[in-house]
Amino acid sequence: MVAGSAVVMALAQMGSLNALEQTQGHRFWHTWLERCRVPSADVMGTSFRSLDCAGLRRMLRHLYSRLKRNKALHPVFSDNLFALVIDGHESSASYLRSCKKCLQREVKTAKGTKIQYSHRLVMAVLLCRDFPLLLDLEMQLPGEDEVATATRLMQRMFLHYPRAFDVVLADGLYARAPFFNTITAHGKEVIAVLKDDRRDLMQDAVALFSQHQPIVFRHNKVSRQCWDMEGFTTWPQVAKEVRVVGSLETTTVCRQKTGKSEELLSRWMWVSTIGKQIAPTESFVLTAHGRWEIENKGFNELTTYWHANHVYKHTIGAIEAFWLITMLAYTLFHAFITLNLKPIIREAYTKLHLARLVSAELYAGSPRCHSP
Ligand SMILES: [Zn+2]
């Protein structure tokens with residue numbers, strides 16, 4: 001009852017247990033709960049501290065299995081390469097409220113150094129053509145870094161989603177030998193942003209790139225010059241030889257203020273274990289950029305519209321449970337839009353409009369509206 005009510009709250013994008021409680025008696029609940037009552041905001045908050053997160057994860061797995069069985073999942077940039085994005089996110093931060101499992105950091109303010117309390121999580125997201133599939137998350141614990149949290153999450157991914165993905169995408173923080181070795185030991189490949197802290201490998205790659213002509217291609221408004229070489233042994237701690245791909249990208253943008261076109265330059269470098277025969281240069285670069293999509297669009301949508309950062313009850317268990325509930329609601333909503341609505345309706349309305357219709361359904365049967 002608590003989890004079901006919370007899924008409805010998340011689907012309606014309410015972001016408030018009190019707002020949910022105020023829908024008590026609406027026609028919607030009579031239909032779905034028969035004579036039962038919606039739990040109060042207090043009961044919801046308290047119950048979430050001990051909600052069964054393993055059960056919520058089972059529901060996420062069930063959703064994945066159904067979508068897979070119905071052939072509703074398609075890779076984004078390649079016919080046969082499913083990419084799993086691993087990314088960290090700070091879900092809340094406060095100077096006032098804390099719990100035993102809060103992360104702590106010192107922040108220098110005008111009034112001196114203060115302790116800030118926060119919670120962070122690492123999420124595993126499957127990149128799919130129609131919508132990203134949020135598969136699982138792991139809360140970061142005090143005293144551990146993001147990569148350790150991600151490694152714990154990956155162990156569960158190997159167990160629960162052994163055939164769901166082929167390659168793991170991660171940012172520069174994850175370009176560490178133990179993480180690479182963990183992924184490859186399970187038969188998967190990995191792509192991570194290459195940064196200065198792998199100086200030897202980067203210098204090696206830049207020196208070799210300068211002796212070769214780039215591969216040039218264009219995708220939408222971005223033209224790319226790419227260098228792509230395999231067989232690097234400059235990172236001996238990694239069990240396999242690695243591949244390094246560099247991309248010099250020119251994006252043409254039209255400035256609203258002046259109406260003039262402008263070219264923006266950016267440079268990217270990735271280190272990977274995946275071979276060219278599996279991911280040729282163009283699909284490699286487009287797939288590698290998929291991580292950026294999740295960071296900028298996925299988490300942005302989750303926090304702006306789905307209120308995923310809202311702390312309904314400040315315990316690590318409750319925060320984890322609410323995030324898993326939001327992931328369930330997000331997946332249900334996007335699966336419904338993609339698979340159940342006719343294309344003509346999908347094209348006519350934005351997802352925000354459709355989300356508001358879901359919310360309106362919950363309020364439609366207000367006792368006051370329908371009182372004689
Ligand atoms: Zn806390």
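None of the values given here were measured: they were computed from a predicted structure. As the structure lists them, so they are numbered: ligands from 1, and atoms in each ligand from 1.
In this model, no donor atom of one side chain and acceptor atom of the other lie less than 3.5 Å apart for Thr233 and Glu241.
Taking the six-membered ring for Trp and the full ring otherwise, Trp323 and His119 have centroids separated by 6.0 Å or more. For an aromatic pair to be called close, the ring centres must be under 6.0 Å apart, and Tyr95 with Tyr117 fails this. Ring-centre distance between His289 and Trp270: below the 6.0 Å cut-off.
Taking the salt bridge (Lys or Arg N to Asp or Glu O under 4.0 Å) definition, one finds that Glu146 meets it with Arg120, sequence neighbours left out.
Sorted by chain and number, the protein atoms of type N, O or S within less than 2.8 Å of the Zn ion (ligand 1) are Cys99 SG, Cys102 SG, His119 NE2, His314 NE2.
Remark: Arg156 engages Glu138 in a salt bridge, criterion side-chain N to carboxylate O under 4.0 Å.
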